[in-house]
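Below is one structure, written out as structure tokens, with a few remarks after it.
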Amino acid sequence: MKIDQKFPFPTDVETAIALQEKLRHQVITEDQFGTIKYVAGIDVGYSDSDKITQAAVAVLSFPQLELLEQSIVKRPTYFSYVPGLLSFREIPAILDALEKLNITPELLLCDGQGLIHPRRFGIACHLGVLVNIPSIGVAKSHYIGQYNSVGLERGNWQPIIDEEEVIGAIVRTRTGVKPIYVSTGHRISLITAINYVLKCTTKYRLPETTRWADKLASN
DNA sequence: GCGACAG
DNA sequence: ATCTTGTCGC
């Protein structure tokens with residue numbers, strides 16, 4: 001797929017935060033898409049003592065969830081991990097991986113948070129806005145926000161609240177298994193995001209998209 | 001000041 | 001993220 005928004009990424013914390021403050025207003029929290037046939041899972045791994053960043057994208061058919069295409073890219077790591085600025089570390093490599101794709105995915109499931117972020121601009125929002133594709137944040141651990149305990153059955157969820165605002169949800173994707181953290185990335189509502197995450201999750205805790213991307217990014 | 005802090 | 005074996009439970 002073609003990537004338009006390829007301007008340089010900030011190298012320092014101050015500029016990165018300023019860019020988040022500028023771009024956060026572009027996030028759309030309503031459903032804005034048609035029929036979805038291609039869903040992509042995206043993940044990033046590191047090697048060589050953190051010097052190499054490897055991004056992987058797995059495109060699956062929807063709702064069949066069969067692997068249709070994959071893309072893997074390696075680059076030097078240029079931004080260290082700073083809580084709240086994960087996207088600056090990972091998105092440059094992700095854009096390269098997306099660019100190599102023949103199929104243009106219609107929904108992106110990102111490893112990490114979307115609106116569950118101190119400035120409401122986690123990696124799923126950042127990526128969604130840059131490529132203008134609906135996106136969802138799917139995180140494996142808690143970042144910010146308060147919530148009540150989630151029912152044990154698959155499909156149960158509870159809103160995550162920060163500063164009086166619903167920013168995402170904690171979702172039980174498998175009965176009796178540790179829940180995951182879902183939030184809007186771009187052009188999708190929280191409710192719809194939860195439903196798509198559940199539709200992409202079959203027999204494991206994480207969506208099939210994420211599982212494929214995980215595997216590709218760490219091999 | 002102290003603890004928390006996506007991947 | 002990454003370093004890593006066995007082990008508890010269905």
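Here the structure is a predicted model, which means the values were calculated and not measured. Protein chains get the first letters and strands the later ones, always in sequence-line order, with residue 1 at the start of each.
- Salt bridge status for A:E165 with A:R120: present, with a side-chain N to carboxylate O gap under 4.0 Å.
- Not counting sequence neighbours, the partners of A:Y81 by the side chain to side chain contact (heavy atoms under 4.5 Å, CB included) test are A:P83, A:L86, A:R89.
- Under the salt bridge (charged side-chain N to carboxylate O under 4.0 Å, His left out) criterion, the residue pairs touching residues 136-148 of chain A are A:D111-A:K140, with sequence neighbours excluded.
- Atom-to-atom distance recorded for A:S135:OG and A:L109:CG is 9.0 Å, nearest 0.5 angstrom.
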Worksheet item: How would nucleotides 1-7 of chain B be written as a contact map, 5' to 3', with B for base contact, S for sugar-phosphate-only contact and - for no contact, using protein heavy atoms under 4.0 Å?
Response: ----BBB

Worksheet item: Does the ring-ring contact (aromatic ring centres under 6.0 Å, His included) test come out yes or no for A:Y196 and A:F62, once each step is laid out?
Response: CA-CA 10 Å; A:Y196 270 95; A:F62 186 88; 5.3 Å; yes

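- With rounding to the nearest 0.5 angstrom, the CG atom of A:L60 is 6.0 Å from the CG atom of A:L67.
- Residues meeting the side chain to side chain donor-acceptor pair (under 3.5 Å) test with A:S189, sequence neighbours left out: A:D31, A:T192.
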Worksheet, complete the sentence: Protein-proximity profile, nucleotides 5-10 of chain C, B/S/- by nucleotide at the 4.0 Å heavy-atom cutoff, equals ------

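- The closest side-chain heavy-atom distance from A:P179 to A:T173 is not below 4.5 Å.
- Applying the side chain to side chain donor-acceptor pair (under 3.5 Å) rule to A:R172 yields no partners; only residues at least two apart in sequence or on another chain are considered.
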Fill in: 5'-to-3' dot-bracket of DNA chain B (Watson-Crick, G-U; under 3.5 angstrom; crossing pairs as [ ]; | other strand)
.......

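- Cation-pi geometry between A:R187 and A:F33 is not met: the NZ or CZ atom fails to fall both under 6.0 Å from the ring centre and inside 45° of the normal.
- The CZ atom of A:F88 sits 21 Å away from the P atom of C:dA1 (whole-angstrom rounding).
- Grouping Ile, Leu, Val, Met, Phe, Trp and Tyr residues whose side-chain heavy atoms lie under 4.5 Å apart, directly or via other members, places A:Y181 in a hydrophobic cluster with A:I116, A:Y143, A:I144, A:Y147, A:V150, A:I160, A:I167, A:I170.
- Under the rule for a side chain to side chain donor-acceptor pair (under 3.5 Å), A:R154 has no partner lying at least two apart in sequence or in another chain.
- In this structure, the side chains of A:E90 and A:Y46 come closer than 4.5 Å at one or more pairs of heavy atoms.
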Discussion item. Could you write out DNA chain C as dot-bracket? Rules: Watson-Crick or G-U wobble, both distances under 3.5 Å, brackets [ ] for crossings, | for pairs with another strand, dot for unpaired.
Written reply: ..........

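- Remark: A:S218 engages no residue in a side chain to side chain donor-acceptor pair (under 3.5 Å) (not counting sequence neighbours).
- Without hydrogens or angle criteria, A:T201 side chain to A:V197 main chain gives a donor-acceptor distance under 3.5 Å.
- Annotation: proximity of residues 165-197 of chain A to DNA chain B (heavy atom, distance under 4.0 Å) is found for no residue.
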